[in-house]
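By convention in this document, chain letters (A, B, ...) are assigned in the order of the sequence lines, proteins followed by strands, and residues within each chain are numbered from 1.
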Amino acid sequence: MGEDNGTNVYDPAMIEQKWQQRWESDGLYHADIDHSQPKHYALTMLPYPSGDLHIGHWYAMTPSDARARYKRMQGYNVMFPMGFDSFGLPAENAAIQRNIHPRIWTEKNIEHMRAQMKTMGAMFDWRRETISSDPSYYRWTQWFFIQLFRHGLAYRKESPVDWCPRCNTTLAREQVWGDDRHCERCETPVIKKNLVQWFFKTTQYAEEMLHYDGIDWPERVQNLQTNWIGRSNGAMVTFKTAREGHELKIFTTRPDTLWGATFMVLAPEHELVKMITTEGQKAEVEAYVEEAIRQTDIQREATDKEKTGVFTGAYAINPVNGEEIPIWIADYVLPSYGTGAIMAVPAHDQRDFEFARTFGLNIRVVIQPADMEPITEEEMTEAVPAKGTMVNSGELSGTTGDDTVAKVCEWLEGKGIGHAEVQYRLRDWLISRQRYWGAPIPIIHCPECGIIPVPEKDLPVRLPEDVEWLPTGESPLKLHPTWKQVRCPVCGGQAERDTDTMDTFMCSSWYHLRYLSPGYDKGPWDPAEYDYWMPVDTYTGGIEHANMHLMYTRFFHKALRDMGITEGHEPMLQLRNQGMVLGEDSEKMSKSRGNTVAPDVLVNKYGADTVRAYLFFFSRWSQGGPWSYSGIEGTSRWLRRVWSMITEDEDGSTQASEDTIRELRRKVHQTLGSITHDFEEFEFNTIISSLMELANNMAQFKREGAYGSPAWHEAVEIYLKMMAPVTPHIAEEMWMQLGKPYSIHTQQWPAVDEEAAKEDEITLVVQVNGKVRDRIVVPADIAEEDAKAIALASEVVQRFMEGKPARKVVVIPGRLVNIVV
RNA sequence: GCCGAAGUGGCGGAAUAGGCAGACGCGCACGACUCAAAAUCGUGUUCCCUCGGGAAUGUGGGUUCGAUUCCCACCUUCGGCACCA
């Protein structure tokens, strides 16, 4: 063993480069269809090519890689692809600031990041690399748009949408964050604009997306998605205006309070406002509407502000009791939820209560909770939202119990004035972006024929190369002199292309499908590849995508399923989320804080294996946490120790005792058992601790003369196989130095020898009144009675029993005896 | 306000079908090697103590022979949603 010059020091830079080249030239990580093996599609979220790989990328990708490698050693045919989500704004900003074409900027970044990524030593099959800004990719993104359009799932409408004044584009609801409603990307507060935009009907799948049957996704993600979809049960009830008899539908979750409705409120934007406002109220109403629309969402949605509103002069008839009640408008009613109109029940809804008190409107109690004193309108200081017995509610007075709402719905239905209804908070997905660097929306606007999809044979609709960005902030596609000029595919007349591009989340909704066959040109993917690899077995990535990418991709899959394009109900069976690596100051890493950690520098100093191992080790993967430069020294030390333990001969000629050999094998197989479990559960930190612990034990056994024994050879072989997924280079190098067949990464994951792992002796813990008083080494299979006898015989135990008789003795076989006196 | 997650040594974190709290690592201390230092190796390291023990997993209760783990209430931190009818 050892190098020619006699020294054999661990030189990560040398061995990592060597093996990366060898693996690549051998195509060791190529994943091809092989029906003789079970498949495993492992996927980690693809990065945006920002230009520099940061430690967060390593944190997301290398554990995912280790898991994929483990699966491969378990006998699965594993595909682990990588690509780039390469459309998006930063490319365009670079174009504006530095006068580089977004395509060139993106290509350069991809090239650089690909090279950086290769230093990770991950098992990416680069033949399957997919780049979403490539025309061969966005051709199919556009094709999907057309399929959605044909199936009525893509539509255009004018509505008030969120506009980022800095990015000069509209944003989806999910991309507007925080109390100040800022742009997810540049943090500028958004404003509202009334624009005609394309939407996808995500709401059509709201109900289905609430169900997570058959998928193993974290509760947390399910929770976030469920909250975001925001299902609420209630009733739809039709009121009518008193004079003209206009229908006025409202949604309520409390139909049991219908008899307490003393007025109605419409959103200022409600279509009926103009029609019903009386001549006398017109001026006041118009002024209010104008003011409401002018306000920003933040001003308008501030929950702590005083209630404002205006009477329309009109009245509605409450269908449950025929009462005439006034119709007001107020900005606390949102146009975008329910029907944009409510019945107001001030006695039982705090918002309505405040409104009623501000404007002196009637309050009527119609619910009496069981555990409260009888409530009266005069004495109320706040609304009583609790459920209870219906009172003052005509023939339904006295109705009570958990099913009150259901009973009322049934009654409403019988009368033909309403029915049970479900509302969702989820909105349709706004996908139009007024920017250049995205997939052009493949639509032609013809003055004669209307909205016409680009014929599939004409796809892709390519982005023009010769573009310039004007300070107006408008999209170069709109300003381009000729690009939008096109013949209508139907009538042949002069028409115009849609100059908007698609939200990049559209590109990432199906990238996992393009990996199947990135070069395929007869369809978005090769059906044979689809049949073998789909669905994705394990998907890993950041939790921040719970309400964006992960919802869009589910929507996309379900929509395609209903068109007969995909199969199954979900695209990704198992999802796991990593946490975030923070700076040493426990703050989020950022250049402005100066607390970033550069992986390239670390790789140069320690080698990729150490960086990988430290990232696995320092915290629970799902949790993340602060980086530590002194912490990584510990993992570096561990790898150097393992290196010398395995590659250096032992000088001494001691012969290990049988006990030592037995103990060595026991530790090895016990560790194998726990590491196997940890790989299944994504518990990477304890994989490393177990490996460290075993290395400490093995070093001890080596000193005791175990070196060179069959048990030692077995231990080393198993040790290297367990290391292989986490530190692939050093494992491969030591494997080779031991003369084992290339490659360690194609070896079978070892099986636990249960017999070897079994303990012969255990330390029996003896407690008196629940406190540990003695520890006695006994045979592992000791009988309960014997354990009890030994425990009671202990001198220490007798001292603590103080001569009192044992009232009760609890024996947990193999663990402890608790004596109660 | 609503939904969810988390509180364990000086630090990062282990341990939950209820059974030895603090694995593993960092840091620190001491020792070996060295002229010396670094590196490396070894030993120790929750706190208090009258060296018999005692206390301790955010706080207070409860269930249990026994609770970091289960139940109730509260405090703190973080994430998401929020005039959503």
Open item on the list: So if I apply the side-chain contact (heavy atoms from CB on, under 4.5 Å) rule between A:Q700 and each of A:K702, A:M698, A:R703, which one comes out positive?
Closed with: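 With A:Q700 as partner, A:K702, A:M698, A:R703 yield a single side-chain contact (heavy atoms from CB on, under 4.5 Å), made by A:R703.
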Tell me: [atom1] of [X] to [atom2] of [N], nearest whole Å?
| X | N | atom1 | atom2 | result |
| --- | --- | --- | --- | --- |
| A:W228 | B:rG79 | CH2 | C1' | 14 Å |
| A:E584 | B:rG12 | CD | C1' | 12 Å |
| A:L248 | B:rA85 | CG | C1' | 14 Å |
| A:R231 | B:rA82 | CZ | P | 19 Å |
| A:L691 | B:rA23 | CG | P | 18 Å |
| A:E633 | B:rC28 | CD | C1' | 16 Å |
| A:L224 | B:rG79 | CG | C1' | 8 Å |
| A:E681 | B:rA15 | CD | P | 11 Å |

- [ ] Apply the salt bridge (Lys or Arg N to Asp or Glu O under 4.0 Å) test between A:D162 and each candidate in A:R427, A:R173, A:R181; give the one that qualifies.
- [x] A:R181
Could you please name the option among [options] that lies closest to any side-chain atom of [X]?
| X | options | value |
| --- | --- | --- |
| A:L816 | B:rA14, B:rG19, B:rC24 | B:rG19 |
| A:R799 | B:rC83, B:rC84, B:rG52 | B:rG52 |
| A:S630 | B:rG13, B:rC81, B:rC26 | B:rC26 |
| A:F617 | B:rC24, B:rC20, B:rU40 | B:rC24 |
| A:T253 | B:rC84, B:rA85, B:rG53 | B:rA85 |
| A:T252 | B:rC83, B:rA85, B:rG25 | B:rA85 |
| A:T686 | B:rA85, B:rA14, B:rG19 | B:rA14 |
| A:R173 | B:rC84, B:rC24, B:rA82 | B:rA82 |

Open item on the list: Is the distance from the ring center of A:F355 to that of A:F263 below 6.0 Å?
Closed with: yes
Task: Proximity of A:F684 and A:Y59 rings by center, below 6.0 Å - done: no
Open item on the list: Using a 3.5 Å limit for the pairing distances, which stems of at least 3 consecutive Watson-Crick or G-U wobble pairs does RNA chain B take part in?
Closed with: B:1-7 with B:75-81, B:10-12 with B:24-26, B:27-32 with B:40-45, B:46-48 with B:53-55, B:58-62 with B:70-74
Taking side-chain hydrogen bond (donor to acceptor under 3.5 Å, both in side chains) as the test, write out the residues that go with [X], two or more places apart.
| X | value |
| --- | --- |
| A:S159 | none |
| A:T262 | none |
| A:D609 | A:H729 |

Near-strand residues of [range], defined as heavy-atom separation under 4.0 angstrom from RNA chain B:
| range | answer |
| --- | --- |
| residues 337-348 of chain A | A:Y337, A:I342 |
| residues 541-551 of chain A | none |
| residues 773-791 of chain A | A:R773, A:R775 |

Open item on the list: OP1 or OP2 of B:rC11 versus the side-chain N and O atoms of A:S628: is any pair under 4.0 Å?
Closed with: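 A:S628 to B:rC11 OP1/OP2: no side-chain N or O under 4.0 Å.
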- [ ] Tell me whether the OP1 or OP2 atom of B:rA56 has a side-chain N or O from A:K771 closer than 4.0 Å.
- [x]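 Answer no for this pair, as no side-chain N or O of A:K771 is under 4.0 Å from OP1 or OP2.
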TODO: Among A:W638, A:Y606, A:Y614, find the one that has a side-chain hydrogen bond (donor to acceptor under 3.5 Å, both in side chains) with A:E633.
DONE: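 Exactly one candidate clears the test, A:Y606.
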Task: Candidate list A:D256, A:T257, A:T252, test side-chain hydrogen bond (donor to acceptor under 3.5 Å, both in side chains), partner A:R254, passing option - done: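 Filter result, single survivor: A:D256.
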- [ ] Mind telling me if B:rG62 is syn or anti? Syn here is a glycosidic angle within 90° of 0.
- [x] anti
Open item on the list: Surrounding CE of A:M380 (heavy atoms of other residues, nucleotides or ligands, distance under 6.0 Å), is the total greater than 12?
Closed with: yes
Task: A:R815 CZ: over 12 foreign heavy atoms closer than 6.0 Å - done: no
Task: Atom of A:Q225, atom of A:Y212 and distance for their closest heavy-atom approach - done: CB-OH, 3.4 Å
Find every protein N or O atom lying less than 3.5 Å from an N or O atom of nucleotides 62-66 of chain B, and list the pairs.
{"unit_1": "B:rC65", "atom_1": "OP1", "unit_2": "A:K808", "atom_2": "NZ", "d": "3.3"}
{"unit_1": "B:rC65", "atom_1": "O2'", "unit_2": "A:N818", "atom_2": "ND2", "d": "3.2"}
{"unit_1": "B:rC65", "atom_1": "O2", "unit_2": "A:N818", "atom_2": "ND2", "d": "2.5"}

- [ ] Check every strand shown and say whether A:R351 touches a base, only sugar-phosphate, or nothing at a heavy-atom separation below 4.0 Å.
- [x]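 Result for A:R351 = base.
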Open item on the list: Within the 4.0 Å heavy-atom criterion, would you say A:F800 contacts the bases, only the backbone, or no part of the nucleic acid?
Closed with: sugar-phosphate
Detail all sub-3.5 Å separations between protein N/O atoms and N/O atoms belonging to nucleotides 41-48 of chain B.
{"unit_1": "B:rC41", "atom_1": "OP1", "unit_2": "A:R641", "atom_2": "NH1", "d": "3.2"}

- [ ] Applying ring pair (Phe, Tyr, Trp, His ring centres under 6.0 Å), name anything that partners A:Y552, two or more places apart in sequence or on another chain.
- [x]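 For A:Y552 the ring pair (Phe, Tyr, Trp, His ring centres under 6.0 Å) partners, ignoring immediate neighbours, are A:W429, A:F505.
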Say we look at [N] and [M]: how far apart would their [atom1] atoms be, to the nearest angstrom?
| N | M | atom1 | result |
| --- | --- | --- | --- |
| B:rG13 | B:rU50 | P | 35 Å |
| B:rA14 | B:rC3 | C1' | 30 Å |
| B:rG9 | B:rG44 | C1' | 15 Å |

Task: Sequence neighbours excluded - side-chain hydrogen bond (donor to acceptor under 3.5 Å, both in side chains) pairs with any residue from residues 763-784 of chain A - done: A:D774-A:S794
Task: Pair A:R640-A:S644, side-chain donor/acceptor within less than 3.5 Å - done: no
- [ ] Tell me yes or no: between the side chains of A:Y288 and A:T308, is some donor less than 3.5 Å from an acceptor?
- [x] yes
- [ ] Calculate, to the nearest 0.5 Å, the distance between atoms CE and CG belonging to A:M548 and A:L224 respectively.
- [x] 11.5 Å
- [ ] Find which nucleotide of RNA chain B each of A:N696 and A:T308 is nearest to by heavy atoms, and output the residue with the more 5' nucleotide.
- [x]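 With A:N696 and A:T308 compared, the 5'-side residue is A:N696.
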Open item on the list: If you assign A:D352 and A:V796 each to the RNA chain B nucleotide with the nearest heavy atom, which residue ends up on the more 5' nucleotide?
Closed with: A:V796
Task: pair A:I543-A:V221: side-chain heavy atoms closer than 4.5 Å - done: yes
Find every protein N or O atom lying less than 3.5 Å from an N or O atom of nucleotides 2-10 of chain B, and list the pairs.
{"unit_1": "B:rC3", "atom_1": "O2'", "unit_2": "A:N223", "atom_2": "OD1", "d": "3.0"}

